[in-house]
Chemist: 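Before I ask anything, let me first share the structure, which is written out below as structure tokens.
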Amino acid sequence: MNKSLLSINDLSKQEILDLIEFARNFKNDDGSFKKETLFPDKTVANVFCEPSTRTKSSFEIAAKNLGCSVVGFDASSSSIEKGESIYETVDALGLMGVDLCVLRHPDSVIRELDEYMPEMVFINGGEGSISHPTQALIDLMTIIDSKGSIDDLNIVIVGDLDHSRVTSSFVEGISNFSFNSLTFCGHPSMSSKYLDPALGRYEPDLDLAVQDADVIITLRIQHERFEEELNLDLDDYKHAYELTSERVQQARGDVIVMHPGPVNYIEISESVYQSDNSVIRNQVANGVAIRMAVLARYLSS
Ligand code: CP
């Protein structure tokens with residue numbers, strides 16, 4: 001195992017499965033999380049240079065559950081606002097005794113930081129549109145929890161594919177497994193990275209894409225990543241790409257519906273979000289367990 005988790009590609013299939021199994025050990029039968037003071041001498045900083053609810057809070061809860069000290073770093077009130085670079089920022093945190101930095105940043109800076117600071121452990125908490133490895137671990141864990149394994153599944157990902165680091169890390173992670181099919185569905189202006197048949201099938205018609213699906217992953221439009229204003233009629237978009245109850249009925253009866261959050265209710269209807277098929281809230285809860293497992297593994301190595 002490398003010193004840092006920069007990409008899901010850093011992990012073998014066995015390491016992914018081991019982390020998921022390790023994460024399960026941190027969950028009690030009632031769904032609460034174990035609190036074990038395993039790392040009282042370790043300090044974790046959450047350096048989030050983009051907004052976050054789930055990732056940032058779950059890393060903080062996970063670190064506290066493991067007995068770590070946590071630096072509640074707020075980029076918007078830090079010296080980054082006075083022009084300090086991310087390199088100087090993380091270097092300063094290291095000099096103050098931070099052992100592990102969870103970094104979310106719009107640019108691909110984490111690899112250079114990881115090389116520049118050999119003593120610091122980095123966990124990628126979201127890298128632009130490039131990667132979000134702990135979300136991929138959560139998504140794989142949630143699928144295995146529901147389906148028993150990844151084998152033989154028909155998986156559909158629908159929404160703003162091009163701007164989705166969740167999709168890129170999921171595709172990298174799932175490439176280790178022998179699923180049956182992977183179908184990408186999205187507006188053509190948001191799907192350019194997923195037209196290559198080597199990655200999976202591109203099916204722009206959501207009604208066709210969801211036929212026989214075992215897993216449907218829905219994605220919001222990531223307005224913050226568009227370089228130009230979107231010229232989309234949202235009613236037309238919803239008509240074509242919203243996962244509705246009628247569309248869920250075309251999938252397998254035990255299909256699970258996922259979403260990394262936050263949900264905008266353009267890409268998915270409220271009734272599907274709240275349906276028995278939805279495991280979206282399970283994904284949020286699995287976030288704490290996966291991040292406890294990741295922190296414990298990387299703080300130990
Ligand atoms: N899934 C995810 O990364 O959510 P947040 O942006 O709320 O952290």
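Both counts, for ligands and for their atoms, begin at 1 and track the order of listing. Side chains are part of it too, since the values below use all heavy atoms of this structure and drop only hydrogens, waters and symmetry mates. Throughout, numbering of the chain's residues begins at 1 and tracks the sequence. These figures come from a predicted structure and were not determined experimentally.
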Chemist: Using the test salt bridge (charged side-chain N to carboxylate O under 4.0 Å, His left out), find all partners of Glu115 that sit at least two apart in sequence or belong to another chain.
Modeler: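 Salt bridge (charged side-chain N to carboxylate O under 4.0 Å, His left out) check on Glu115 returns nothing, list empty.
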
Chemist: Not counting sequence neighbours, which residues clear ring pair (Phe, Tyr, Trp, His ring centres under 6.0 Å) with Tyr273? List them please.
Modeler: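 Tyr273 satisfies ring pair (Phe, Tyr, Trp, His ring centres under 6.0 Å) with Tyr265 once adjacent residues are dropped.
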
Chemist: Regarding Glu127 and Arg111, does a basic nitrogen lie under 4.0 Å from an acidic carboxylate oxygen?
Modeler: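 Between Arg111 and Glu127 there is a salt bridge, with a charged N closer than 4.0 Å to a carboxylate O.
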
Chemist: Enumerate the ring-ring contact (aromatic ring centres under 6.0 Å, His included) contacts for residues 153-184, please, sequence neighbours excluded, ordered by first and then second residue.
Modeler: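 Listed by first then second residue: His163-Phe226, Phe184-Tyr194.
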
Chemist: Regarding Asp160 and Arg225, does a basic nitrogen lie under 4.0 Å from an acidic carboxylate oxygen?
Modeler: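 No.
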
Chemist: Which protein residues come within less than 4.0 angstrom of ligand 1, counting heavy atoms only?
Modeler: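 For ligand 1, the contacting residues are Ser52, Thr53, Arg54, Thr55, Arg104, His132, Gln135, Pro260, Gly261.
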
Chemist: Examine Arg104 relative to Phe48 and say whether NZ or CZ is less than 6.0 Å from the centre of the six-membered ring and inside a 45° cone about the ring axis.
Modeler: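 No; the conditions do not both hold, so Arg104 does not lie above the ring face of Phe48.
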
